[in-house]
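Read through the structure below, which is laid out as structure tokens, and then see the notes.
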Amino acid sequence: MSEHTKNIPETPSLDGVEARWMQRWEADGTYRFDRTATRDQVFAIDTPPPTASGSLHIGHVFSYTHTDTVARFHRMRGKSVFYPIGWDDNGLATERRVQNVTGVRCDPTLPFDPDFAAPFNGDVPKDHRAIPVSRPNFVSLCHGVIHADEVVFEQLVRRLGISIDWSFLYTTVGPRAQRVSQLAFLHNLARGEAYQQDAPTLYDIDERTAVAQAEMEDRDVPGAYHKLAFHRSDGAGDLLIDTTRPELLASCVAMVAHPDDARYQPLFGSTVRTPLFEVEVPVLAHHLAEPDKGTGIAMICTFGDTTDVTWWRELNLQSRALIGFDGRMAIETPEWITEPAGRVAYAQVSGLAPKQTQRKIVELLIESGEMLGEPRPISHPVKFYERGTRPLEIVATRQWYIRNGGRDETLRNALLARGEELTWHPAYMHNRYQNWVGGLNGDWLISRQRFFGVPIPLWYRLDGEANPLYEEIFTPDEAQLPIDPSVTCPAGFTEDQRGKPDGFVGDPDVMDTWATSSMTPHIAGGWIDDPDLFARVFPMDMRPQAHDIIRTWLFGSVVRSHHEHGCLPWSNAAISGWILDPDRKKMSKSKGNVVTPINLLEEYGTDAVRYWAASGRPGVDTAFDEGQMKIGRKLGTKLLNATKFVLGFGAPPADAVPTAALDRAMLARLADVIDESTRALDEFDYARALERTEAFFWWFCDDYVELVKGRAYGTQGDDAAHSARAALRQALDIIHRLFAPFLPFVAEEVWSWWQEGSVHAASWPDAAPLVSLGDVSLLVPVSEVLAAVRRAKTEAKLSQRAAVEELTIEGPASALAAVEACRTDLAEAGGVTEFTLSEGPALMTNVRLAPSTDVRTPH
RNA sequence: GGGCGCAUAGCUCAGUUGGUUAGAGCACCGCCCUUACAAGGCGGGUGUCGGGGGUUCGAGUCCCUCUGCGCCCACCA
């Protein structure tokens with residue numbers, strides 16, 4: 001340990017440490033990935049790419065801190081840490097912003113206009129009608145907006161002191177991500193893992209796009225049972241059904257009841273006429289019909305819900321879809337309504353939106369007397385797009401899918417096995433994965449009828465009438481990627497054949513944002529353009545993320561890696577919880593209860609905010625708590641002061657070693673702390689590691705330093721002083737390193753006062769040399785006696801400086817031996833003149849204070 | 001309907017394979033300008049460990065059951 005303690009400031013302060021050290025780390029390349037390291041020497045992290053628009057969220061601070069502590073730990077253990085980050089900028093959020101800011105909307109059927117300029121930049125008048133632009137024009141506007149956002153956002157993330165290697169920054173809509181995403185898709189296609197299907201699909205009528213199962217949620221919404229009368233063809237009366245969606249009546253294709261339901265068995269095979277529209281439909285049997293739901297018999301419509309789809313498929317029914325992509329009823333009266341009265345009725349709902357249709361139908365049914373009684377209000381779960389406002393409708397569309405086990409038992413089992421293979425932190429999060437994979441009811445729908453994303457890199461042949469032949473696919477050459485099929489044409493064609501008879505047309509869709517972000521290990525790791533790097537980092541070690549996106553990001557990544565490489569993309573999933581406000585509600589923008597972390601970082605300092613974050617147990621939703629930040633701030637200040645004090649004793653001679661029993665016991669206790677902290681961090685339990693280090697540190701300051709400071713000053717001679725100083729410095733050196741992952745700024749600050757290089761490049765402490773140095777059990781009775789002395793003085797309302805005339809200690813031999821071994825230190829720290837030791841069953845301490853000090857001076 | 005998690009001091013939470021009198025911090029109260037730190041230090045009170053039952057020499061910890069809260073999933077006529 002070299003003696004260059006001249007860097008210690010007069011009054012240590014936390015102010016400015018962030019700016020100072022952030023700059024230094026950047027200049028020195030402290031967190032740069034060493035790409036000469038081989039795979040076994042690397043610790044690779046698949047960092048969540050945040051959405052760069054908007055502001056930094058407290059949840060980012062929370063979970064990114066967790067990951068960073070682990071990253072710093074592994075770096076100190078000698079790994080080359082691959083810690084990249086990217087911005088997730090593709091997708092709907094960006095589109096919405098661009099539409100609002102520039103006053104345009106995307107119309108993918110339009111041709112690219114190289115001279116187009118957006119009509120607005122920020123203030124779009126209320127009455128402005130959005131100007132339609134081509135997809136390439138729209139995409140270019142999107143790029144402009146996100147670039148500005150990302151510059152700002154990077155500064156915010158840097159402020160967190162996360163030890164990212166910024167040279168690996170990527171975006172999910174950038175050329176590299178597009179290339180990775182498109183190539184992976186083409187591989188999926190070539191291997192048969194990607195396929196297209198024209199089928200009923202859950203569809204958001206506002207966003208005008210198909211939605212994957214993973215992006216749906218159930219919401220309880222009010223509805224009502226309407227009792228409708230269907231008329232038996234044999235004239236024997238009416239058949240009553242209950243429906244919550246009378247507006248679908250015109251799409252009714254059949255009636256269905258359970259095969260064992262005696263009430264309806266006689267009707268199976270017969271037909272009934274629908275009310276209002278007078279369409280003849282068959283009465284059928286199917287086991288999914290529930291006898292005790294409603295009247296036990298249901299109308300099947302194409303399509304009211306996913307059960308309708310099942311019935312439609314399994315009973316080979318006709319398709320009578322009337323709801324369009326905009327959710328409105330078809331304009332033309334459908335040909336299956338043949339009765340004049342029925343056609344008149346339909347004309348009244350033609351072109352109406354779902355709610356209007358329902359109102360009108362109910363009105364007509366009441367008039368005709370075919371609705372019995374009043375609608376009975378209920379509350380029932382309905383599927384929504386998670387960011388949508390109106391219920392999803394089911395519309396038949398052609399979409400692309402990637403196989404994810406939802407329709408294939410073998411694949412499902414293989415993916416469940418991947419889940420077993422993955423190490424989950426905390427372990428119970430594995431349940432969510434199993435739950436999700438086990439409950440899949442279809443493959444992964446990856447095509448979106450959106451614009452700002454990674455285009456599906458395909459073209460289709462057009463027939464003689466310019467209709468697409470979807471089975472005749474043209475794929476681009478790998479070297480061409482990334483491509484936008486709306487501006488590039490397939491090999492063997494020229495641009496003037498686009499959209500023409502016997503020509504080609506590009507796929508108009510983009511991929512689901514998760515279809516790209518499921519490839520983050522590949523994007524960050526240079527799968528295509530840097531195979532050397534990829535071999536050093538893949539499969540990665542750690543995927544940190546929140547629990548709400550296990551079904552999307554985590555599962556999607558497992559699916560893609562399983563298909564592409566036949567392995568997991570990483571070995572550990574570290575799942576963080578959410579931030580709850582003090583009322584235990586999830587903090588989110590929509591609830592309006594978010595706190596802006598920047599203010600917190602400024603008020604308490606980054607380390608203090610990180611301290612709060614690192615106290616949140618892995619996977620556990622954690623309450624936002626400024627109190628913890630105050631404590632973190634206090635801890636940082638304490639570390640400054642304690643370091644200054646300890647270094648102030650001066651360095652012992654180079655060959656000095658701890659000889660005193662107390663010093664050696666302290667170091668042995670520290671060995672235990674190193675052990676526990678190391679084990680905890682190895683298991684991604686940063687919170688436990690911090691807690692142990694912190695507890696030790698406060699004991700070290702409060703008891704150990706107080707006991708030895710006199711001796712360290714030299715009150716017991718040089719040898720004794722050297723032992724204390726050697727132990728103090730040794731402990732300090734370790735404490736700084738143990739805190740480094742948690743309080744990176746203050747740890748670096750104090751380290752810089754007396755050490756060479758960055759603490760973050762220093763080695764993680766090793767417990768081995770300290771373990772057998774001393775007897776930890778010595779410390780307990782010594783601390784107890786010290787506390788007893790302090791208590792006596794406090795109770796006597798005396799200063800801690802007050803002298804103790806006699807200290808009588810009764811206790812077991814081991815305790816007495818401990819006290820004896822530290823007698824002089826105890827005497828100095830407690831101001832004790834005389835010790836009397838005697839054996840007894842339990843440790844008891846009697847403190848006789850000196851009478852001369854037992855008087856309080858007036859002021 | 002299925003699954004998971006949580007329930008410990010007024011508050012936020014520890015309590016690792018069952019092992020003495022259940023811990024920390026905050027808050028509250030008291031004392032102390034002690035030569036690192038008064039935006040500090042020292043000390044103090046506070047618990048039917050959600051209820052009930054069981055296993056055990058011994059249960060906050062393991063098993064069963066009930067209750068409450070939260071989350072995930074589910075084909076929602």
Side-chain angles (χ1 to χ4, degrees), chain A residues 11-12 217-221 223 225-226 241-245 248 255-257 288-290 293-301 304-311 378-383 391 426 428-436 438-441 547-548 550-551 577-578 580 582 584-586 612 615-617 619-625 627-628 630-631 633-634 637-649 676 679-680 683 685 687-688 691-692 694-695 698 701-702 705-706 709 713 786-802 829 831 842 856:
Chain A
T11 43
E217 63 185 24
D218 284 353
R219 292 185 203 159
D220 271 316
V221 296
Y225 273 123
H226 301 72
I241 62 119
D242 278 316
T243 179
T244 55
R245 301 202 62 187
L248 292 170
M255 311 296 286
V256 67
L288 281 182
E290 291 178 36
K293 214 163 194 174
T295 59
I297 186 161
M299 66 170 182
I300 303 174
C301 301
D305 60 37
T306 52
T307 315
D308 279 343
V309 178
T310 306
W311 281 325
I378 55 157
S379 173
H380 63 154
V382 175
K383 286 227 181 297
Y428 61 76
M429 287 295 176
H430 183 202
N431 291 314
R432 304 222 177 175
Y433 179 91
Q434 287 184 307
N435 225 331
W436 176 252
L440 287 170
N441 53 32
H547 52 63
D548 55 333
I550 288 174
R551 66 183 190 169
W578 281 332
L580 308 176
R584 313 299 300 173
K585 296 267 165 34
K586 183 195 172 187
W612 157 75
S615 328
R617 251 58 203 176
V620 178
D621 292 347
T622 301
F624 173 75
D625 185 1
Q628 282 295 110
K630 290 184 182 141
I631 298 163
R633 177 86 182 174
K634 211 173 110 176
T637 306
K638 190 75 177 179
L639 191 56
L640 290 176
N641 288 316
T643 299
K644 180 173 151 64
F645 187 52
V646 166
L647 294 178
F649 294 121
E676 281 192 82
R679 210 174 318 124
E683 290 164 16
D685 192 349
R688 175 188 296 275
E691 182 192 78
R692 293 305 144 101
E694 189 191 5
W698 283 108
C701 291
D702 294 345
V705 173
E706 289 299 322
K709 68 182 181 189
Y713 276 130
L786 182 62
V789 171
R790 287 168 169 165
R791 192 180 307 121
K793 293 178 185 178
T794 298
E795 280 167 4
K797 297 185 190 281
L798 289 176
S799 156
Q800 290 298 328
R801 270 194 312 183
R856 298 185 62 191

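Order of the sequence lines sets the chain letters (A, B, ...), proteins ahead of strands, with each chain counted from 1.
Contact check, A:H226 against B:rA77: no side-chain N or O comes under 4.0 Å of OP1 or OP2. Put simply, A:R551 has a side-chain N or O that comes within less than 4.0 Å of OP1 or OP2 on B:rC73. The phosphate of B:rC75 (OP1 or OP2) has a side-chain N or O of A:N441 nearer than 4.0 angstrom.
Picking from B:rC75, B:rA36, B:rA14 the nucleotide with the shortest atom distance to the side chain of A:V705 gives B:rA36. Comparing atom distances between the A:Y713 side chain and each of B:rA77, B:rU12, B:rA36 picks out B:rA36 as nearest. For A:T243, the listed nucleotide lying nearest its side chain is B:rA77; candidates were B:rU12, B:rA77, B:rC72. If you check B:rC71, B:rC75, B:rG30 against the side chain of A:K797, the one that comes closest is B:rG30. Closest contact between the side chain of A:T306 and the listed nucleotides B:rA14, B:rC75, B:rU12 involves B:rC75. Checking B:rC73, B:rG3, B:rC37 against every side-chain atom of A:N641, the shortest atom distance belongs to B:rC37. Listed nucleotides: B:rC72, B:rA77, B:rU16. Nearest to the side chain of A:R688: B:rU16. Ranking B:rU34, B:rA74, B:rC13 by closeness to the A:D218 side chain, first place goes to B:rA74.
The distance from atom CZ of A:R617 to atom P of B:rU16 is 11 Å, rounded to the nearest whole Å. Distance A:D220 CG to B:rC71 C1': 15 Å, rounded to the nearest Å. A:K293 has its NZ atom 13 Å from the P atom of B:rG1, to the nearest Å. Between the CD atom of A:E676 and the P atom of B:rU17 there is a distance of 13 Å, given to the nearest Å. Per the geometry, CD belonging to A:Q434 stands 16 Å off C1' belonging to B:rA74, to the nearest Å. If you take CG of A:D621 and P of B:rC13, they are 10 Å apart, rounded to a whole angstrom. The distance from atom CG of A:D685 to atom P of B:rA14 is 10 Å, rounded to the nearest whole Å. Straight-line distance from the CZ atom of A:R801 to the P atom of B:rC33: 7 Å, rounded to whole Å.
The residue A:N431 sits close only to the backbone: its heavy atoms come under 4.0 Å of sugar-phosphate atoms, none of a base. Among the heavy atoms of the strands, none lies under 4.0 Å from A:K644. Nucleic acid contact for A:T310: none, since no nucleic acid atom lies under 4.0 Å from a heavy atom of the residue. Nucleic acid contact class of A:R679 (heavy atoms, under 4.0 Å, all strands): none. Among the heavy atoms of the strands lying under 4.0 Å from A:E290 is at least one base atom, whether or not backbone atoms are also near. Across all strands, A:R219 comes closer than 4.0 Å to no nucleic acid atom at all (heavy-atom distances).
Closest approach of A:D702 and A:K638 over heavy atoms only: OD1-NZ, 4.5 Å.
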Step by step, work out the side chain to side chain contact (heavy atoms under 4.5 Å, CB included) result for A:D218 and A:K383. CA-CA 5 Å; A:D218 284 353; A:K383 286 227 181 297; 2.9 Å; yes
Take A:H226 and A:D242, measure what side chain to side chain contact (heavy atoms under 4.5 Å, CB included) needs, and give me the verdict at the end. CA-CA 5 Å; A:H226 301 72; A:D242 278 316; over 6 Å; no
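Separation of the C1' atoms belonging to B:rG10 and B:rC62 is 31 Å when rounded to the nearest angstrom. Spacing between B:rU46 and B:rA22 at atom P, rounded to whole Å, works out to 11 Å. Rounded to whole Å, the C1' atom of B:rG45 lies 16 Å from the corresponding atom of B:rC26. Taking atom P in both B:rG60 and B:rU20, the straight-line distance is 10 Å, to the nearest Å. As rounded to the nearest Å, B:rC33 and B:rA39 have C1' atoms that lie 15 Å from one another. Annotation: B:rU34 and B:rG40 have their C1' atoms spaced 12 Å apart (nearest Å). Nucleotides B:rC75 and B:rA7 are separated by 34 Å at their C1' atoms, to the nearest Å. Only the P atoms considered, B:rC63 is 11 Å distant from B:rG18, to the nearest whole Å.
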Protein-to-nucleotide contact annotation, 5' to 3' order, nucleotides 39-45 of chain B [B base; S sugar-phosphate only; - none; under 4.0 Å, heavy atom]: --SBSS-
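With sequence neighbours excluded, the residues satisfying side chain to side chain contact (heavy atoms under 4.5 Å, CB included) with A:I631 are A:Y611, A:Q628, A:E694. Annotation: salt bridge (Lys or Arg N to Asp or Glu O under 4.0 Å) contacts of A:R679 (sequence neighbours excluded): none. Under the rule for a salt bridge (Lys or Arg N to Asp or Glu O under 4.0 Å), A:E795 has no partner lying at least two apart in sequence or in another chain. Residues meeting the side chain to side chain contact (heavy atoms under 4.5 Å, CB included) test with A:L640, sequence neighbours left out: A:P12, A:L14, A:V746, A:E749, A:V750, A:W753.
Put simply, CH2 on A:W436 and CG on A:N431 are 16.0 Å apart, with the number rounded to the nearest 0.5 Å.
Between A:H547 and A:W578, the ring planes are tilted. Angles from 30° to 60° get that label.
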Any chance you could encode RNA chain B as dot-bracket? Rule is Watson-Crick or G-U wobble with both distances under 3.5 Å; [ ] for pairs crossing earlier ones, | for another strand. (((((((..((((.....[...)))).(((((.......))))).....(((((..]....))))))))))))....
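In terms of position along RNA chain B, the nucleotide closest to A:M429 lies nearer the 5' end than the nucleotide closest to the other residue of the pair A:M429 and A:K793.
Between the side chains of A:Q800 and A:T794, at least one donor N or O lies within less than 3.5 Å of an accepting N or O.
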